[in-house]
Amino acid sequence: MNNELLVILVSVIGICVFLPAFVVWMVSRRKMYEARKRTEIALAYLNENPHCNLEEMVRKITPPVNMNARLLPLLWVGILFIIIGFILIGILSVAEFASMQGKYFLMFITGVCLALGIPSLICYFVGRKSCKQVSGR
């Protein structure tokens, strides 16, 4: 197997298979942890106060969703795609390609990653700035 095909296969498998699987695993793990913590708090409260209003208590322990928390995934997506883009730029500069077709393909993937990362970061920073202006801080 030549060097060009190996670089393309590893890049595509890493970006298209392992990266989304890792992101889904991390998000589901965080959500399960938050749900487990809320359940522990609710059960402890119910053991101490069996005649309480459970719906009101759940409303108290559920954190309010603010705009900065909604913008945070844009920051993570932007950083992730920028890092992938820079890694692919490094691969392009180090790897020797037998044909220009492989190089063009990897340049296309790099451009797509940077085209997804840069606007995400711009949206995060513009959104954060507008949230500060609206809240008056």
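We number each residue from 1, following the sequence as shown. What you see is a predicted model, and the numbers here were worked out from it, not measured in a lab.
- Under the 4.5 Å side-chain criterion, counting only non-hydrogen atoms from C-beta, Leu116 is not in contact with Val77.
- Here the side chains of Leu92 and Val7 are not in contact, with every heavy-atom distance at 4.5 Å or above.
- By the rule that hydrophobic residues join a cluster once side-chain heavy atoms approach within less than 4.5 Å of another member, Ile87 and Phe108 end up as members of one cluster.
- In this structure Tyr33 satisfies the side chain to side chain contact (heavy atoms under 4.5 Å, CB included) test together with Arg36, Lys37, sequence neighbours excluded.
- Between the CZ atom of Phe81 and the CZ atom of Phe86 there is a distance of 14.5 Å, given to the nearest 0.5 Å.
- Rounded to the nearest 0.5 angstrom, Met26 CE and Trp76 CH2 are separated by 9.0 Å.
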Practice problem: In sequence, state the C-alpha distance, the side-chain angles, and the governing distance for Leu75 and Leu72, and then conclude on side chain to side chain contact (heavy atoms under 4.5 Å, CB included). | Solution: CA-CA 5 Å; Leu75 176 67; Leu72 199 58; 3.9 Å; yes
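- Using a 4.5 Å cut-off on side-chain heavy atoms (C-beta onward), Ile89 and Leu114 make contact.
- Linking Ile, Leu, Val, Met, Phe, Trp and Tyr residues whenever their side-chain heavy atoms come within less than 4.5 Å places Ile41 and Leu46 in a single cluster.
- For the pair Phe105/Val12, a side-chain contact is recorded, criterion being any heavy-atom separation below 4.5 Å from C-beta on.
- Within 6.0 Å of CZ on Phe125 lie more than 12 heavy atoms contributed by other residues, nucleotides or ligands.
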Quiz prompt | Trace of the side chain to side chain contact (heavy atoms under 4.5 Å, CB included) decision for Val23 with Leu80 | solution = CA-CA 10 Å; Val23 169; Leu80 185 69; 4.2 Å; yes
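- Put simply, the side chain of Ile15 reaches to within 4.5 Å of the side chain of Leu88, judged on heavy atoms.
- In this structure, CE on Met100 lies 7.0 Å from CE on Met107, to the nearest 0.5 angstrom.
- Ile91 and Ile13 fall into different hydrophobic clusters, where Ile, Leu, Val, Met, Phe, Trp and Tyr residues are linked whenever their side-chain heavy atoms come under 4.5 Å apart, directly or through other members.
- The environment of CZ in Arg30 is crowded: more than 12 heavy-atom neighbours from other residues, nucleotides or ligands sit within 6.0 Å.
- Between Gly90 and Ser93, the shortest heavy-atom contact is O-OG, 2.9 Å.
- Taking every heavy atom of both residues into account, Leu74 and Cys123 meet most closely at CD1-CB, 3.9 Å.
- To the nearest 0.5 Å, atoms SG (Cys113) and CG (Leu19) are separated by 8.5 Å.
- The shortest side-chain heavy-atom distance between Ile109 and Ile84 does not fall under the 4.5 Å cut-off.
- Grouping the Ile, Leu, Val, Met, Phe, Trp and Tyr side chains by contacts below 4.5 angstrom, directly or via other members, places Ile118 with Leu71.
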